[in-house]
Every structure is written in C-alpha cells, then in structure tokens.
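First up is the structure itself, then whatever we jot down about it.
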Amino acid sequence: MIARGKLADPRVQEAIDSSTERLRSHRIDAWNELDDVEGRRARAYEIRMRAVRDIDGNLNRFRSALEARGGHVSVCASAEEANAYVVDVCKRHGAKLLAKSKSMATEEIGLNDALEAAGITSVETDLGEYILQLEGEHPVHIVAPAIEKTKEDVARLFTDVEGVDVPPVLEELTASARRQLRQVFLDADVGVTGANFVVAETGTVVTVTNEGNGRLCASLPRVHIVVTGIERLVERMEDLPHLLSLLGRSATGQRLTSYTHLVTGPRREGEQDGPEELHVIFLENGRRNLIDTKYEEMLACIRCGSCLNVCPVYRKTAGAAYGPVYSGPMGAVLAPLLVGLEQAPSLPHASSLCGACTQACPVKIPLHELLLELRSDLVEERTAPFLERLGFSLWSVAWSTPIGYRISTRLARLGQRWGSRLGPGRVWAGGRDLPALARKRFRDVR
Amino acid sequence: MRVQLFATCLGDLIFPDAVRDAEALLRDADVDVDFVERQVCCGQPAFNAGHRKAAKRVARTFDKAFSRDHPIVLASGSCATMASHYLPKLLDIEPYEVWELSSFLEHLGVEVASTNTGRTLAYHDSCHMLRDLDISDAPRRLLEKSGATLAPLERSDLCCGFGGTFSVRQPEVSVAMADDKLAAAADSGAEALVTADPGCLMHLTGRANRVGGVPIVHLATALRHGVGPTSG
C-alpha cells in the first residue's frame, strides 16, 4: 500500500478531472429527474441491508434455485481457492482461450495472472479493460477503468496491435476494438463475467454493461463462469428494478445501462444459445470480516463509483492514494476491511472527511463516518504510530483543564518560532505558512 | 435572548478578531453574550484523527463549561458539527442546542449593516457546515444583505483540502486542493473569498501567503467590517 498519496502527473490529472466531472454532472442530471430522492435512497439501503443481514440464507436459496436449473454454485473463502476453481474448470474443458468481461472481483483475486500461470490466455473484452491489458496496467476507477487514458493513447495502442494506422477518432477506435475482439468471442472456450446483482429467490445472475461484451462472454463460449462477491446477493426479483434504476443513474447518469443481462441457468433443451455449463463462484476473501460489525453497511455497496467521482482526493491522486484494486472512498473503507487494517493503515486517512462521498452514495453508506471508525480502530489496535498516539495523549491531558490550556497555549506562543522546523509543523510549512498564534487570545482581551 | 459564545480553539488562539466580530454581531442584534471562561475545545482534532480517548478527555471540558440553559453559538461550521453531532455521542450525553453563527443570525432575522456595499465577494462552503449542518444559504444571504454582490464560485462545495490531520498526512494533495480553491476564487472575479470556518481560513490563508491570491476573510469579519483592502 502506498504510504502517501502522490499527485497524479498533470496530464493524468486533467484527464481524471474532466472524466470524473462529466460522470458527476451526468449523475446529478439523472437523479434530478427523480422525485423523492431520499425515499429512494432509503429504499435502496433497506433492500441491500436486508440481503446483507442474511447472506447465508440468501446463498442457500440461490444455490437451490440455480442447481435446480442445472447450474453449479461454489463459495470460495480466498482468492487462491477461487482462482483454482476457475483454472480447474478451464482444464477440464481443455480451454486455451478465455473471454472476460469487466469484473472488480476478478481484479481482486488476480484471476488473469492465475490463468496465465496455467497456460490459459485470458482476454479482457470491456474496452477500458482491454486497453489496460494491452498497456499491462490495472484499472484506477471501478466503473471507468481506463479513465485516465486519452483517445491518442488508445490510438497508439491499437495501431501497434493492428499494424495499420488507427486514427484517434472515437468511431475508428471502437471499430478497431470490435475487429480485434470479435474473433476472441467466437474462439473462446470459456467466458468469465462478474455480477452486479445476484437474485437469491430465482437463482439469477444480473450483469449490466454498455458495450454488450458481457452478454457475448456469457452466451457464446461453451462454459460461463461468474465470479462475484457474496454480498452481491439480493433477496427477491422485485428488489432488482429499484437497484438497477439507481445503479445506472449513479454510475454513468443513465436511466438504465444499454444492456441488462439476466442469466438463470445454462442452456436448456431446445434453446438456441447460452453455455452448456454455468458456474457461479461466490467470493468471501475477507468479506465475512464485516458481517455483524459496525462496518456491515459497507457490504451494501453497489460499486457505482459515485463516491470516486465526487472525491477531491481521488481526483487529485487518481488511483495512487489507494490500494491496488478498489479506489476512492469506497476503496479506502473496503480495502482495509478485506485485507486487514495493519496491511493498509494509510487508507483510512486518504480523505479530508469532506463527506461528499456519503452525500453521493445511492445506498446511503456513511462512508466518511466509517473512515472515522477505521481511524479509531487504528489507534485502539496501536497500529497508529507511537509518536502520534503520544502527541495526542499529551495534548489531551494539557487541554483537559482550563489551566492546562492556558499554560500550554502560552508555551506554544513562546515556542512558535520553531514550529515550522519539526514534526507536523514542518510538513505543513512545506507548502503553507504556519498560522501565527495571536499575541492576545480572545479570552485575554474581551 | 442570551447565548453562550464558544470561541473554539482556532478562534481563540489564531483568529481572535473573527470571534470578536462574531460577538459584536450578536450584541448588535441585542443578544446577551456570555463567555464561559472554562471553555477549551470540542476535541475535534483528536476525534477526526481517530484518537477517541484523547478526544473524550478534551470534549469533557466542553460539557463542564457549557450549560443547557442557553443556546451555544460559534463562528465555525466544523466545530458546530462536532459539538452538535459527534460530541454528545462520544460522551454519551444529552445534546446541546448549538448554532453556527450565520444560521443563528438568520434565525433571529437580524438586520445587517451595509458594510459591503458595492463589493463583489465569493463564498466558500466549508464541508461540515454544508453537508452535516446543511447551511449554505444563510451566510450568502447575510453577505448580500450587507450590500455585497456574490460572484459565483466554481465548485464552491469542493473541500479546500484542510481536513485536520489530513493536511499533514497528505500535504501534496492538501495543497493541490487549496490551489484549486484559490484559483476558483481568482477566476470568480471576487475581491475576497469569505468562509465561515477557521480551519479553511487558516489553510487557505497559509497557502495564499505563499502563492498569492485574493484575501480570505472570516464571515464574521466580512459582515462586521466589510471586506476592505486591510482585512485580508
């Protein structure tokens, strides 16, 4: 984990600024069409929390429903377990080529690396993810993975791949991507997708995309494998429309994404398309740490990315202030909970606590308050540095009485000329003038 | 009407003039202002950094100093949020009646002196005041009543980058956020940037002293004296 958020370089920052601003304003416009915004957020929260509070019950219901349709369900405790399952399925089918649609869960477990190690070629088919795969990079935004790439960047990459000049024009770029990816869909033995929601009562996997690649991954190859977190479950089909309407609006400002794909089981007799085999892998990978804790609400997250787009820290640092997979405020909360706070002690502090994330969240997760809780845990677990804990303790003892306050602030005034030479004062003074303590405090002169 | 004035630590130690202006505005509105000498700080610096034990120790001074007989008024949106939202939960005590200055003045329906006639000002929304207390119109209306024309500040809701210990944990990001705010203020064409939070004031002034920019003025000062060449 990165200890201190470095600013992204100016060109990247400009790209991130304009992209997040566009997503943010589209979201606001889309929400402005709705009445009773707070009621809708509250309902979304209720639906998500109802599902989160009964994850095991919902898992069992999903398993029964999907197995009755001929699908396979597996709950994997770790990334290794999930990767091994996918590799195993691929090997059983002699798969050499795998078509993948965008999925943060597969990013989280490093699926592509595991497949490569097993000699299986995995091709990302979401345009943004495909661009990043060609660059050998990882997504910095959970919804718009290649948010920092310009069309010139992409044109250069595609020109290299196709060996012919691809101009930096959006239509030309998508046409080029289509030429490159079409054969992958046709040749792939296995398709891997994530899931935006999983409906327990019916055994249905729901994916939303704008490029249609998810649907091709899920229907053309012989085998379809879904990798998703255990928290993606919702209880009933009737819960789904409400969440879908908020997801599209929040993520990209769309009333609904271009494609909403509902899969309930593999191909049945007499059907024309769909995979012969369907596997749904539910990933735990630390998620159970959150159940029945003060952090439970984080499991309600629908990965819309709204909190990234409004976060001033995200906008300045791109992904660099955060962990390797989930970024922005949701990542600053989720990543330490998944991997352990001691592995990511800087993430809860990658925020000015401005609260824009909490305000933007369509499912009402109190993100900045969860960051406060994590900061408190850092201190309680003594993961916070000793000097910091000592400093706050001494300060609080001094300021626990009016007389202690008077003496300590008098001393501080005497010592302020050294303030910019050590500790936090020195860091502050790196970019800003230290404030001068007034010669007379307010209480001295009134 | 009688109120208890909470100076806040930043107000007491760094911006006593702004607190004096806040007190004067209240007195001008015929409010009796008590200043409880025992007051220290609400504990927010430690609370926001995760040091709850330290925060409690300091927050108890607030509970000991103030009574529930009269409203508490203060010229800081973020301390008002701490005192009204977080402090009672932290200490497990009954909440106090806490008012941020501009919302209190508006609540009283006070007349504001025409201190800013002919001036163009911009207002920066501080985060807690805007999102936790939901106060954004009151300071603007008061500035307009004082004769100012408000210049639209682009993304006035964006954080200035202070964020308490964030400012020294992520100094590069913090400073870059301040630069954006200062640039927006310069682009707005305003003669000064007004904020109702000493934290933002300290941060933005500290940065502006290095790189230049329009004067940054506390709301209480802007209302009481107007924004002149010497007030920055």
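Naming convention: chains lettered A, B, ... in sequence-line order (proteins, then strands); numbering from 1 in each chain.
When heavy atoms are compared at a cutoff of 4.5 Å, A/Leu437 approaches chain B by way of both its backbone and its side chain. At a 4.5 Å heavy-atom cutoff, the contact between A/Glu373 and chain B is made by backbone and side-chain atoms alike. The contact between A/Glu388 and chain B is made by backbone and side chain atoms together, counting heavy-atom distances below 4.5 Å. For A/Arg389, the parts lying near chain B are the backbone and the side chain together; criterion is any non-hydrogen pair under 4.5 Å. With a 4.5 angstrom heavy-atom cutoff, B/Leu201 does not touch chain A via any of its atoms. If you measure heavy-atom distances from A/Thr358 to chain B, you find no contacts under 4.5 Å at all. Contacts of A/Ala398 with chain B are absent, with no heavy-atom separation under 4.5 Å from either backbone or side chain. Contacts between A/Arg24 and chain B at a heavy-atom distance below 4.5 Å involve the side chain alone, from C-beta outward. With a 4.5 Å cut-off on non-hydrogen atoms, A/Ala436 touches chain B through its backbone but not through its side chain. Looking at B/Arg52, only its side chain comes within 4.5 Å of chain A, counting heavy atoms on both sides. For A/Ala350, the parts lying near chain B are the backbone and the side chain together; criterion is any non-hydrogen pair under 4.5 Å. At a 4.5 Å heavy-atom cutoff, the contact between A/Arg315 and chain B is made by side-chain atoms alone.
Residue A/Asn32 places its CG atom among more than 12 non-hydrogen atoms of other residues, nucleotides or ligands, all under 6.0 Å distant. Around NZ of B/Lys64, the count of heavy atoms belonging to other residues, nucleotides or ligands within 6.0 Å does not exceed 12. For B/Glu154, the CD atom counts as loosely surrounded, since its 6.0 Å shell holds 12 or fewer non-hydrogen atoms of other residues, nucleotides or ligands. More than 12 heavy atoms of other residues, nucleotides or ligands lie within 6.0 Å of CG in B/Asp32, so this atom counts as buried by the packing criterion. The number of heavy-atom neighbours closer than 6.0 Å to NZ of B/Lys56, taken from other residues, nucleotides and ligands shown, is 12 or below.
By the 30° and 60° cut-offs, the orientation of the rings of B/Phe47 relative to B/Tyr86 is tilted. Between A/Phe392 and B/His51, the two ring planes are parallel [angle under 30°; tilted spans 30° to 60°].
Taking chain B as the reference chain and counting heavy-atom pairs below 4.5 Å, the highest number among A/Ala438, A/Ser393, A/Gly404 is found for A/Ala438. For chain A, the option among B/Cys9, B/Gly164, B/Cys160 with the highest count of heavy-atom pairs below 4.5 Å is B/Cys9. With chain B as the partner, the residue from A/Gly425, A/Ala429, A/Pro348 showing the most heavy-atom pairs under 4.5 Å is A/Ala429. Between chain B and the options A/His349, A/Gln359, A/Arg441, heavy-atom pairs under 4.5 Å are most frequent for A/His349. Comparing A/Val445, A/Val379, A/Thr409, A/Asp377 by heavy-atom pairs within less than 4.5 Å of chain B, the highest count is held by A/Val379. In terms of heavy-atom pairs under 4.5 Å with chain A, the best-connected choice from B/Leu13, B/Asn209, B/Val175, B/Thr61 is B/Leu13.
We find that B/Asp28 and B/Arg224 are joined by a salt bridge, their nearest charged nitrogen and carboxylate oxygen being less than 4.0 Å apart. Residues B/Asp157 and B/Arg155 are paired through a salt bridge, judged by an N-O separation under 4.0 Å between the basic side chain and the carboxylate.
Note that B/Arg68 lies in the cation-pi zone of B/Tyr96, set by a 6.0 Å cut-off to the ring centre and a 45° limit from the axis.
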